[in-house]
Amino acid sequence: MKELPKIYDPKSVESKIYDMWMKGGWFHAERDPEKTPFTIVIPPPNVTGQLHLGHAFDETIQDVLIRWKRMSGYAALWLPGVDHAGIATQIKVEEELRKQGLTRFDLGREKFLEKVWDWKNRYGNRIVEQLKTLGSSCDWDRQRFTMDDQCAKAVRETFVSLYEKGLIYKGKRIINWCPNCTTALSDAEVEYVEKDGNFWHIRYPLTDGTGYLEVATTRPETLLGDSAVAVNPEDPRYKHLIGKTVTLPLVGREIPIVGDEHADMEFGTGCVKITPCHDPNDFEVGLRHDLPQYLMLDGEGKVTGGYKYDGMDRYEARKVIVKDLEEQGYLLSVEPIKHNVGTCYRCHNDVEPLASDQWFVKMEPLAKEAIRVVEDGEIQFIPDRFSKTYLNWMHSVRDWCISRQLWWGHQIPVWYCDDCGHMTVTREDPCECEKCRSKRIHRDPDVLDTWFSSALWPFSTLGWPEETEDLKYFYPTDVLVTGYDIIFFWVARMIFSGMEHTKQVPFRKVLIHGLIRDPQGKKMSKSAGNGVDPIEVINTYGADALRFNIITGNSPGNDMRFFPERCEAMRNFANKIWNASRFVMMNLTIEDNRLPQKLEPEDKWILGRLNSLIGEVTENLERYELGVAATKLYDFIWDSFCDWYIELTKARLTGDDEEAKENAQRVLLYTLTRILELLHPFMPFITEEIWQALPHEGEALMVAPYPTQQEALAFPEGEEFGQVIEVIKAIRARRAEMNVPANKRPSLTVAAEDTAIFQGSRALLSRLAYTGEITVTDKAPADTQGMVVIATDKARLYMALSELVDLDKERQRLEKELAKAESEKARSENMLKNEKFTSRAPKNVVDAEKDKILRMTALIENLKHSLSNLG
RNA sequence: GGACGGUUAGCUCAGCUGGUAGAGCAUUCGCUUGACGUGCGAAGGGUCAGGGAUUCGAGUUCCUUACCGUCCACCA
């Protein structure tokens, strides 16, 4: 057996192991009619992106599930890919260009797109390589990109068929416009931020000179686009003015006073300026009263429309207009307020609501089915509370604005006829207008929202719209794993798209996790500079440590703070496993992995516990309680296996009895191997590395079978050995308290009712409790003068340590213990006296209390005996 | 305004279907115990935010209050 280093070095292992897995081809999922498929599609990270801890969280969960299912005999497919990320990517490339003093318009669409593809080819693989460092067992042969031909085909099919069904339409609506990204956004892409602002009260004079209306607004510059002032038709202050007109300050336009419910009598002055082109409510008011629309901002947020303010930036225009209003006596007052301002989720600039011609998906009919499948439980959110989040959103969803004024993305497949104006929408690129046959047609320049293609991801990646073998076998997928922050963006849209296009749910479960935050609980972001690079963490502590840190210590759906120090604890855990394995290997002379015929009590103890562990871990995994499963493994490995079992085998391993030696090796090897298998989904690298070095069957741990419970290895009697452990702990505690050095080995008498287990474990007791000669008896020794007496509930222990006993201290301690035992006994007795308890509580609970009384009674007797012994 | 989450040991967090609270880190004491000091042994530390209800029994279920946080809607 080769000599292993004392300290586990993840760096020298991880890439080597990953290469081995790749060469083995085990990431690839074959369609196998003998197996049950288990499919996860990755939430595709942005091509331009770099791995951050959020990805690490998401990928680790998926990898644990997929590795566990793969080992459990499923045809487990984890389908990877990346997203073209329209705005994000285009912005990056434009930034590059800007450094050369160029804009995308200088290059033109075609040249610009070439540049973006170059960019994609250059950086697109970075994130994929980073995923590999985490250990992700994706089927790289099936890797996809949201802009590849197959996805493009799916997008095209989707658009055309929705259009044909009347579920996609073009219309002039108020949309959210980002003047910085110069594109329309969907409602979901707007983030509302509370900001300080002002409420400017402005005088709008009645045209007939009989007075004025006081209008309050947070956005005075938009008065350029006003086409009315609304008052509530019930408002006694103003209703007589309805039908009259006011003269718009600074502009001089004569605009009507209209009566509309939208004006709230309680709010502000009760008079609302109506700017149909720049406010969604005003837009509706405008339609109801047939008001003209005055667009006063262009795509870059500059004033337009033939005013003296034309060309000014919106913020500058606000300042100048306020100043002008004040100078001309129109400004009545300024009231500071806090209000919510919509910002772009990509660039965080203020979003401008404006009326614009855009493409929309009609949501109502699609939402219906999407609501049903979640309400009926065909799709289940885990934790369940997120289904409420989803349903609330879906119930009130508005039409989805899908056109973007960008170049990078799926171009909208609509051709306009220059002659008759007809729109041709087809699956193949047309060369003429389908209505008038004119060749003079041009394509819509806009592209689709990135999420339009992401929405198809679970099936477009498997070949849809083609009825491919993969689609038939692997679809619907099983679990979708993602953060709660993209339920609306992505999960919701995949659900209605899946239902509409494949008539099936795209996935059966949605496993939602929280966000990873910095140690202060703040969101990690590039701009705040508080991001932690997972690659650095992996370099420092190893991928397994990072994975284990992320999986444990947080409950499903909750955010978690990331402390690098916690990785240190997990790195130590990896090291612990490493050294435990090193110990097993050092002592190994056998070459097969079979249990021995003869099992000692401690063997049954560890094997029985292992067997329960297998059951518990599997159950936790089935319930997606990955953190609980991981914690149980941690405890078993460190505590039961390393701190106890390994120590318990040392006597046999170093002894002369060859058979005992071999038996110990066998149980050690068996248990270690099962541990590695159980732990592999969580810590794939170190477990594989060790497994390869141990006697094994099969090529790799990652494709070895996951352990299952074995009736024959349950060993309920193994728990008896727990008594011995209790005794060792009690002796150690006493020794530590009395500062007995380890080389002091007093003789020990164990008095217990059941002597067999202690009789058989004398060598172990002596070794682990550092005692000398041991006597086991069923009654107290005759002469106990000057002995330290220790009581457990199953045994009384007498140690010859008289010279170390401080009688007073010892009496105090015993009295304290006695008082505690008596109060516990009393408590149990009271419970049992309660007739309601005995009649209503389950039998095992009642029995436990009865048993406790017996134990406490024995303990009390033991303690009293000890006290009297002190004299 | 609506919904949701959190409030448990000094810190960060677990605690599944109700049966007298756990981990990691930190702290204290001891240890060259032939796998591991990235370690071993021992110890201290919590009226599980407050109040009420259900129950034989509540950190765990229900109601309520407070504080922190998140999302959605509205805010002319």
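Quick caveat: nothing in here was measured; it's all calculated off a predicted structure. Throughout, a chain's letter reflects where its sequence line sits, starting with A, and its residues are numbered from 1.
Rounded to a whole angstrom, the distance from the P atom of B:rC16 to that of B:rU54 is 24 Å. B:rG22 and B:rC48 have their C1' atoms separated by 12 Å, given to the nearest Å. B:rA21 and B:rA49 have their P atoms separated by 15 Å, given to the nearest Å. Taking the P atom of each, B:rG6 and B:rC75 are spaced 31 Å apart, rounded to whole Å. Rounded to whole Å, the separation between the P atoms of B:rC62 and B:rG18 comes to 11 Å. When the C1' atom is compared between B:rA9 and B:rG5, the two are found 23 Å apart, to the nearest whole Å. Of the P atoms belonging to B:rU17 and B:rU33, the separation is 46 Å, rounded to the nearest Å. Nucleotides B:rC67 and B:rA26 place their P atoms 36 Å apart, quoted to the nearest Å.
The closest side-chain heavy-atom distance from A:Tyr192 to A:Val190 is below 4.5 Å. A:Trp200 has its side chain within reach of A:Arg318: a pair of non-hydrogen atoms, C-beta onward, lies under 4.5 Å apart.
A salt bridge does not link A:Glu849 to A:Lys852: none of the charged nitrogens lies less than 4.0 Å from a carboxylate oxygen. For the pair A:Glu619 and A:Arg623, the salt-bridge criterion is met [side-chain N within less than 4.0 Å of a carboxylate O]. Here A:Arg219 pairs with A:Glu221 in a salt bridge; the nearest charged N to carboxylate O distance falls below 4.0 Å. The pair A:Arg314-A:Glu352 counts as a salt bridge, with a side-chain nitrogen and a carboxylate oxygen less than 4.0 angstrom apart.
If you take CG of A:Asp559 and P of B:rA14, they are 10 Å apart, rounded to a whole angstrom. Rounded to an integer number of Å, the gap from A:Glu737 CD to B:rA42 P is 12 Å. Computed from coordinates, the A:Asp518 CG to B:rU12 C1' distance equals 13 Å when rounded to whole Å. One can place CG of A:Asn549 at 12 Å from P of B:rC13, the figure rounded to the nearest angstrom. Between the CD atom of A:Glu266 and the P atom of B:rG1 there is a distance of 15 Å, given to the nearest Å. Remark: C1' of B:rU70 and CG of A:Asp485 are 11 Å apart, rounded to the nearest angstrom.
Nearest-nucleotide positions on RNA chain B place A:Asp639 closer to the 5' end than the other of A:Asp639 and A:Lys836. With RNA chain B read from its 5' end, the first of the two nearest nucleotides for A:Glu625 and A:Met831 is the one closest to A:Glu625.
Geometrically, A:Lys650 engages A:Phe583 in a cation-pi contact defined by less than 6.0 Å to the ring centre and at most 45° from the axis. Seen from the ring of A:Tyr770, A:Arg745 does not count as a face-on cation partner, given the 6.0 Å and 45° thresholds.
Of the possible donor and acceptor atoms, none in the side chain of A:His278 sits under 3.5 Å from a partner among the backbone N and O of A:Gly225.
Contact check, A:Arg735 against B:rA42: no side-chain N or O comes under 4.0 Å of OP1 or OP2.
Nearest to the side chain of A:Ser555, among B:rA3, B:rG19, B:rG15, sits B:rG15.
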Give me, pair by pair, the N or O atoms of the protein and of nucleotides 72-75 of chain B that are less than 3.5 Å apart, along with how far apart they are.
| unit_1 | atom_1 | unit_2 | atom_2 | d |
| --- | --- | --- | --- | --- |
| B:rC74 | N4 | A:Asn340 | ND2 | 2.3 |
| B:rC75 | OP1 | A:Asn281 | ND2 | 2.4 |
| B:rC75 | N4 | A:Asn340 | ND2 | 3.0 |

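A:Thr217 comes within 4.0 angstrom of the backbone, heavy atoms only, and of no base. If you check every strand for non-hydrogen atoms under 4.0 Å, A:Asp264 touches a base. Counting non-hydrogen atoms under 4.0 angstrom, A:Pro519 reaches nothing in the nucleic acid. Residue contacts for A:Val845: at a heavy-atom cut-off of 4.0 Å it reaches a base atom on one of the strands shown.
Annotation: A:Lys816, atom NZ; neighbour count of heavy atoms from other residues, nucleotides and ligands within 6.0 Å does not exceed 12.
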Walk along nucleotides 20-38 of chain B from 5' to 3' and tag each nucleotide B, S or - by protein heavy-atom contact under 4.0 Å, base first, then sugar-phosphate. B---S--------B-BB-B
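A distance of 12.0 Å separates CG in A:Asn340 from CD in A:Glu191, rounded to the nearest 0.5 Å.
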